[in-house]
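Contents: one structure, followed by commentary.
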Amino acid sequence: MGNNSMEVKEGDVSQPESMDSGIEVCESSSLVAASRGDFRERILTGMRPSGMLHLGHYVGALEKWLELQKQYDCQFLIADYQAFGDHLKEIEMIRNSVIQVALDWLAVGLDPEKTSFVVQSYVPESAELTLLLSMLVPLGRLERNPTLKEEIKKIRGGKGNDGVSVGFYTYPVSQAADILISKADVVPVGDDQLPHIEMTREIARKFNRTYGEVFPVPRALVGRIPRLTGVDGKAKMSKSLGNCIYLSDEDQVVLKKVNKMYTDSTRVHANDPGHVEGNVVFMYLEAFHRDENELADFKKLYTDGKISDGELKRILASDLITFLTPIREKRAYYQQHPEIVRKALKEGSMRAKEEAKETMKEVKDAMQITNY
Ligand code: TRP
């Protein structure tokens, strides 16, 4: 699989009416890393625990994280507080998902010895920082965040909920606190998260300018295929749409899902010329077929009406099963050893907490919230 991710550097992200325009300080992150006794840059990224992870998570995030863990000092966050924002009453689901997410991370090969798995609620210092940072964010700035707007629209459109809570409304500030408290230099995310990272950068600059240099201004890193279309071909893969192939799916389930995929509705007979563009099976082959030359041949054969939908689906199913089998086996191993999972969460979180305490001390010193 390819590896052409794009780093979003200073000025690359369009600045939606930035709330600051001053000079920047503390962009030099290597000094911060050195003060941790580690010269690698810090990465922080995370996921909301709201179910098991699927191929969309792999392609959009995990594949990149696996590479990053080799060269960066990484913290991977399971944002359980954030999950409460849109699943207020689903306590069991969230509890279970924290473990499921950790299992999926371990199964794909994230290594809790090299990196830190962090449970958001185990680092309450970040909640305290959220409060302080929220003072720096004009309400109108949140109101213009396109990702937040989208999510709010969905919540309002849904039935049987309590509307949008203040906590949900301000989750981008909490996310900024998670990022800044770890003094992250780089935040790998899907493109839908870019507004949050842009806001985080603005908050960091504003804090540094107002109270003194504390935070590096982090940059976003966007993945190769930021969104994988669901098996229905209609929208991005997501649990709520029921169009997922999960990392833990059994072979038979994968086969069934692949067989139901849309291909080319204009193609009635196997020898009709087919269309590759917009064809779900090809989207997946693009992401998971290892041999690029072969894939080019498939496209040609398909366009010429020389390969059937069925044949193509058999190839894709086999690609996916080959990819998923070792992941599922590893997952099963960790499922039988829950103590390893719990240890990873606990130790990673404690490492993050120690650093978060340090950062909070600097924050409070800078703001002179001390010794009244
Ligand atoms: N909001 C992110 C999502 O829904 C998850 C997340 C929480 C996150 N905290 C983060 C991402 C910090 C990057 C950095 O996918």
Side-chain angles (χ1 to χ4, degrees), residues 5 8 13 41-54 56-62 64-65 68 72-87 94 97-98 100-102 104-105 110 115-127 129-130 133 142 145-152 154-155 167-201 203-204 215-223 226-228 236-240 244 348-349 352 355-356 359:
S5 61
V8 179
V13 177
E41 283 192 306
R42 160 61 48 82
I43 284 206
L44 183 127
T45 187
M47 289 182 181
R48 275 181 217 180
S50 62
M52 289 185 299
L53 304 186
H54 50 63
H57 292 111
Y58 188 86
V59 167
L62 299 173
K64 189 80 207 159
W65 297 10
L68 294 170
Y72 289 88
D73 174 11
C74 296
Q75 289 185 349
F76 299 121
L77 184 76
I78 303 183
D80 55 341
Y81 280 157
Q82 209 176 94
F84 274 102
D86 51 352
H87 300 280
I94 293 174
S97 298
V98 169
Q100 297 303 324
V101 168
D104 282 324
W105 286 1
L110 292 180
T115 67
S116 297
F117 291 7
V118 183
V119 180
Q120 190 180 31
S121 61
Y122 289 178
V123 187
E125 288 76 8
S126 180
L129 184 59
T130 302
L133 298 184
L142 273 180
N145 181 316
T147 297
L148 187 65
K149 269 199 221 168
E150 245 341 275
E151 288 172 313
I152 287 176
K154 260 192 223 153
I155 293 179
F168 186 82
Y169 203 80
T170 57
Y171 93 77
V173 184
S174 150
Q175 185 158 331
D178 293 335
I179 295 167
L180 295 180
I181 208 159
S182 84
K183 297 203 171 174
D185 304 299
V186 182
V187 188
V189 283
D191 55 358
D192 62 321
Q193 297 290 302
L194 285 176
H196 300 342
I197 310 309
E198 190 46 38
M199 209 184 79
T200 304
R201 292 159 58 84
I203 293 173
F215 300 118
V217 179
R219 54 190 200 276
L221 184 69
V222 182
R227 281 152 198 262
L228 187 67
K236 122 173 164 169
M237 190 176 275
S238 104
K239 187 185 70 162
S240 57
C244 302
S349 301
E355 288 182 23
T359 307

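Starting from 1, each residue takes its place in the sequence as its number. Since the structure is predicted, the reported quantities are computational estimates derived from the model, not experimental observations. One-based numbering, in listed order, for ligands and for the atoms of each. Reckoned from all heavy atoms, side chains included, excluding hydrogens, waters and symmetry mates.
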Legend entry - Min side-chain heavy-atom separation I197-I179 under 4.5 Å: yes
Inset, instruction - Sort out the contact shell of ligand 1: every protein residue with a heavy-atom distance below 4.0 Å, listed by chain and number. - result: L44, T45, G46, M47, R48, L77, A79, Q82, Q175, D178, I179, V187, V189, Q193
Inset, instruction - Report yes if some heavy atom in the side chain of V173 is under 4.5 Å from a heavy atom in the side chain of M199; otherwise report no. - result: yes
Inset, instruction - Answer whether the closest heavy-atom distance between the side chains of R48 and D86 falls below 4.5 Å. - result: yes
Legend entry - Y171 ring center near F168 ring center (under 6.0 Å): yes
Legend entry - Between D192 and T147: side-chain donor-acceptor atoms closer than 3.5 Å: no
Legend entry - W105 side chain near L53 side chain, heavy-atom distance below 4.5 Å: yes
